[in-house]
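Structure first, commentary second.
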Amino acid sequence: TESRGGDSILCTSSAHSILATPLDPCSAYISLNEPWRNTDHQINGSRDRPACDSHIDGEWYRFTCMAGDAMPTFCIPENHCGTHAPIWLNGSHPKESDGIVQKQACASFNGNCCLWNTTVDVKACPGGYYVYRLTNPTVCFHVYCGHFYDICDMVDCQGSCLDPGDCVCSLGTTLGHDGQTCLDENECERDNGGCSAYCVNLKNSYRCECGVGRMLGRDGKTCEEIEGCHNNNGGCSHTCVLVEDTYQCECPRGLVLSEDNHTCQVPVLCKSSSIQVSIPKDLVGGLDLSLINGSCKGVSNGTHVNINFSLKSCGTNIDVVNDKIIATNLVTGLPKQMPGSNGDIIIRTSKLLIPVTCEFPRLYTISEGYVANLKNSPLEIMSRNQGVFPFALEIFKDKEFDEPYREDLPALKLRDSLYFGIEPLVRVSGLETLVESCFATPTSKTDEIVKYYLIQDGCVSDDSVKQYTSKDHLAKHFQVPVFKFVGKDNKEVFLHCRVLVCGVLDERSRCAQGCRRRMRRWTEEGEEETGHMANHILTGGPIRIDMAE
C-alpha cells in the first residue's frame with residue numbers, strides 16, 4: 001500500500017485498476033502503476049522489447065506506486081520509461097483552483113525532445129495528486145512517463161521563526177499544491193526562458209536551441225546567423241557545401257561520410273570470414289599499401305586499391321572490450337621504388353596510415369529447431385565497420401560430432417538421443433564461448449510462454465543433458481534424450497540458445513566463471529559488466545517427433 005499526499009492506494013500487480021465510478025476525475029481514474037513507466041527505468045534500445053501505450057483510450061489516469069507521483073515536466077531522453085520514445089508533459093502542473101487545464105505532451109526521440117506531440121488534460125486533485133486525460137498515441141513505441149518528485153525540506157530555523165513548518169524547494173523546482181512535493185519549474189513558460197528561438201525544459205534547468213543552419217551564441221540564448229562553411233569549414237574533414245539556408249559535408253570520390261556526418265573515412269566491410277578495405281586510387285597514387293604484416297599488400301583495380309584479409313591473418317589484432325570483439329589492423333602506404341605501369345609517377349604524401357577497425361558483438365541468440373542449419377549461412381551485418389561473429393546450431397548424427405544432418409530433416413523417437421552443438425563458422429584463436437542458456441519451445445517463437453530450459457545461467461538445468469569436451473574453445477557439444485511437449489498437437493520442438501564470446505586469457509570474464517546460479521536477472525536484462533549486447537537470431541527447423549512404436 002502506498003500513501004503519499006494524504007491519499008492511500010493499493011499497489012497490485014495489475015497495471016490498471018478503476019478505483020471508483022463517479023464523474024469527478026479525481027475519484028474516477030485508472031491507475032498506471034507499472035515500474036517501467038518511471039523515468040529511472042532505462043532499456044537497451046537494441047535488445048529489450050519496448051512498451052507501447054496503444055491501450056490508452058482517452059480516459060482519466062493517475063500515476064501511482066513504482067510508476068511515480070506525476071508526469072515529468074522536463075525532457076526525457078529516448079529509451080527511458082520502458083520504451084523508445086518517452087512522453088513527458090511540456091508545461092507546469094496546475095493548481096487545484098485552476099480546474100482542468102490543457103497541456104502539450106511531447107515524445108522524445110532521436111535527439112528531438114518534441115518529435116511528436118499531443119494535447120492532454122490535467123487536473124490537480126484534493127490530497128495533492130494529479131490526474132491526466134491521456135490521448136492514444138498514433139504510433140509505437142510511445143509511453144507516458146511517471147516520475148518520483150522530491151519531498152521538500154523544512155526551513156532550517158535559527159532563533160524565532162514565523163512559520164517554522166514551511167517547506168523550501170531547491171533551485172529550479174517549485175512547491176506543489178500539496179505543500180510538500182517539489183515539482184520541476186518550467187522556465188520556458190516565462191518569456192520563453194529568454195531564448196531567441198527554442199526553449200527546452202530540463203530537470204531543474206532548461207536550455208536554448210536554434211533551428212537548422214543556426215548556432216547558439218556565447219550568451220547561450222541568442223541564435224546567430226547560419227553556421228556555415230566559413231566557420232571552421234563547417235566542421236567537415238574535407239568539403240563543405242552550402243545548401244539553401246544550411247550546409248552539408250561531402251567526401252571525395254571513393255570515401256564515405258561517417259556517422260557524425262562530418263568526417264570522411266575509407267569504406268571498410270566487416271565480414272565473419274574477411275575484412276575488405278577499399279581505398280580510392282586518387283588518395284594513394286604512388287604509394288605501396290600493405291598491412292601490419294608486410295606480405296599482405298593492396299591490389300589495384302584501376303580506381304581503387306583493395307586489401308582483403310581475415311581475422312586471423314596479416315597481423316590482425318583481436319581484443320575483447322566490454323560488449324564487443326574488436327579486430328584492428330593498420331594500412332600503411334610507403335612510396336614506390338619505381339614508377340608503376342599505371343601512371344603512378346608522383347606522390348603527394350610521404351606516408352599514409354589508415355587504422356582499420358571492425359566491431360563484432362559478444363552475445364548471440366541462436367534459434368534453431370532441432371535440425372541442421374541446412375544452408376549453413378551466417379547472419380551478416382553489412383556495414384563499414386561492424387559485423388557479426390557467426391555461429392550455427394548444428395544437429396549431429398552421433399556423439400562424434402563430425403557429421404551434421406545436411407540433406408533430410410531428422411525424424412527422432414523419444415527413446416533416441418539428440419546430439420547438438422554450437423559451431424563457430426570462423427575459428428579465431430584467443431577467444432572462447434559460454435552457452436549462457438538454451439531452452440526449448442513448442443513453436444518457433446522465442447518469447448513463447450511455454451518453454452523448457454536445458455541450460456540456464458551457464459548451468460545445466462536438466463540432469464539428462466551431457467556436455468562433451470571440444471578441442472576448439474569456441475565449439476560446444478551436447479547430448480540430451482529426445483523429448484516432446486505435453487499435448488497431442490505438440491509434435492515439434494524448437495531450440496533457442498544464447499552464446500557469449502570472451503577472451504581466453506581474461507580470468508574474470510563471464511565465460512571463465514562458467515556455471516553461475518542467478519544472483520540477478522542477468523538473462524533478461526543483460527550482464528552488467530559487459531553493457532550493451534546485441535542479439536542475432538538464426539531460424540530453422542523444426543524437428544518432428546516420431547511417436548510410432
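- Not less than 6.0 angstrom separates the ring centroid of Y29 from the ring centroid of Y61.
- Here the side chains of V435 and F478 are in contact, with some heavy-atom distance below 4.5 Å.
- Without hydrogens or angle criteria, D219 side chain to K221 main chain gives a donor-acceptor distance under 3.5 Å.
- For the pair C515/D457, no side-chain contact is recorded, criterion being any heavy-atom separation below 4.5 Å from C-beta on.
- Residues S196 and T222 bring no donor and acceptor atom of their side chains to less than 3.5 Å of each other.
- In this structure, cysteines C199 and C208 have SG atoms that are not closer than 2.5 angstrom.
- Judged purely by distance below 3.5 Å, without hydrogens or angles, the side chains of D462 and Y452 pair a donor atom with an acceptor atom.
- Rounded to the nearest 0.5 angstrom, C438 SG and R498 CZ are separated by 11.0 Å.
- Disulfide criterion (SG-SG under 2.5 Å) for C236 and C249: met.
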| message | Working note: C169 + C182, criterion disulfide (SG to SG under 2.5 Å); need CA distance, chi angles, decisive distance, verdict. | response | CA-CA 6 Å; C169 292; C182 292; 2.1 Å; yes
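- Between the CD atom of E59 and the CG atom of N136 there is a distance of 12.0 Å, given to the nearest 0.5 Å.
- Closest non-hydrogen pair, L134 versus I56, comes out as O-CG2, 3.4 Å.
- With sequence neighbours left out, E189 forms a salt bridge (charged side-chain N to carboxylate O under 4.0 Å, His left out) with K103.
- F141 and C52 make their closest contact through CD2-CB, 3.7 Å (heavy atoms, listed as atom of the first residue, atom of the second, distance).
- Listed for the D24 side chain is a donor-acceptor partner under 3.5 Å among the backbone atoms of C26.
- Side-chain contact between I43 and P50 is present, with at least one heavy-atom pair separated by less than 4.5 Å.
- Here the side chains of N204 and D184 are in contact, with some heavy-atom distance below 4.5 Å.
- Counting all heavy atoms, side chain and backbone alike, V131 lies closest to P25 at CG1-O, 3.7 Å.
- With a 4.5 Å cut-off on side-chain heavy atoms, V143 and R37 count as touching.
- A donor-acceptor pair shorter than 3.5 Å can be found between the side chains of H93 and Y132.
- For S108 and W88, the side-chain atoms include at least one donor-acceptor pair closer than 3.5 Å.
- Between the side chain of N201 and the main chain of T73, a donor-acceptor pair closer than 3.5 Å is present.
- Under the 3.5 Å distance criterion, with hydrogens and angles disregarded, no donor-acceptor pair is assigned to the side chains of H142 and T83.
- With rounding to the nearest 0.5 Å, the separation of SG in C497 from CG in L454 is 7.5 Å.
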| task | For side-chain contact (heavy atoms from CB on, under 4.5 Å), just list the numbers for Y206 and N186, CA-CA rounded to whole Å, side-chain angles, deciding distance to a tenth of an Å, and then say yes or no. | result | CA-CA 8 Å; Y206 73 102; N186 193 329; over 6 Å; no
| Verdict with supporting geometry, E436 and R516, side-chain contact (heavy atoms from CB on, under 4.5 Å) | CA-CA 9 Å; E436 198 280 328; R516 187 180 69 184; over 6 Å; no
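- Side-chain contact check for P137 versus I87: some heavy-atom pair is nearer than 4.5 Å.
- Put simply, the side chain of D53 gets close to the backbone of Y144: a donor and an acceptor are under 3.5 Å apart.
- For the pair K451 and E448, the salt-bridge criterion is not met [side-chain N within less than 4.0 Å of a carboxylate O].
- Across F485 and A440, no two heavy atoms sit closer than the pair CZ-O, 3.4 Å.
- Counting heavy atoms from C-beta outward, I325 and E359 have side chains that stay 4.5 Å or more apart.
- Note on ring orientation: taking the six-membered ring where Trp is involved, the planes of H496 and F439 are tilted (angle from 30° to 60°).
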Enumerate, atom names and distances included, each donor-acceptor pair closer than 3.5 Å involving a side-chain atom of residues 112-120, sequence neighbours excluded.
unit_1 : atom_1 : unit_2 : atom_2 : d
N112   : OD1    : C114   : N      : 2.9
N112   : OD1    : L115   : N      : 3.4
W116   : NE1    : T138   : OG1    : 3.1
T118   : OG1    : T135   : OG1    : 2.9

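- Between the CG atom in L434 and the SG atom in C502 there is a gap of 6.5 Å [rounded to 0.5 Å].
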| Trace of the side-chain contact (heavy atoms from CB on, under 4.5 Å) decision for Q42 with H80 | CA-CA 4 Å; Q42 183 175 3; H80 284 69; 3.7 Å; yes
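- Remark: S27 OG to W60 CH2 distance equals 12.0 Å, nearest 0.5 Å.
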| Please walk me through it: do E185 and R190 pass salt bridge (charged side-chain N to carboxylate O under 4.0 Å, His left out)? | CA-CA 10 Å; E185 182 180 3; R190 295 196 306 271; 2.6 Å; yes
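- The aromatic rings of F74 and H147 sit perpendicular to each other, their planes meeting at more than 60°, with 30° as the lower class boundary.
- Side-chain contact between V101 and D121 is absent, with no heavy atoms from C-beta onward closer than 4.5 Å.
- Formation of a donor-acceptor pair under 3.5 Å by the H41 side chain with backbone atoms of N38 is not found in this model.
- The existence of a salt bridge linking R133 and D57 is excluded, since no basic side-chain nitrogen approaches an acidic carboxylate oxygen closer than 4.0 Å.
- Looking at every heavy atom in both residues, A197 comes nearest to C223 through CB-SG, 3.5 Å.
- Between Y130 and P94 the shortest heavy-atom distance is CE2-O, 3.4 Å.
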| Should C81 and W36 be marked as a side-chain contact (heavy atoms from CB on, under 4.5 Å) after you check the CA-CA gap, both sets of side-chain angles, and the distance that decides it? | CA-CA 5 Å; C81 306; W36 46 260; 6.0 Å; no
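- Using a distance-only test at 3.5 Å, with no hydrogens or angles considered, no donor-acceptor pair links the side chain of D506 to the main chain of G503.
- Both tests pass for R62 against the ring of Y129: distance under 6.0 Å to the centre and angle within 45° of the axis.
- Between the NE2 atom of H55 and the CD1 atom of I30 there is a distance of 8.0 Å, given to the nearest 0.5 Å.
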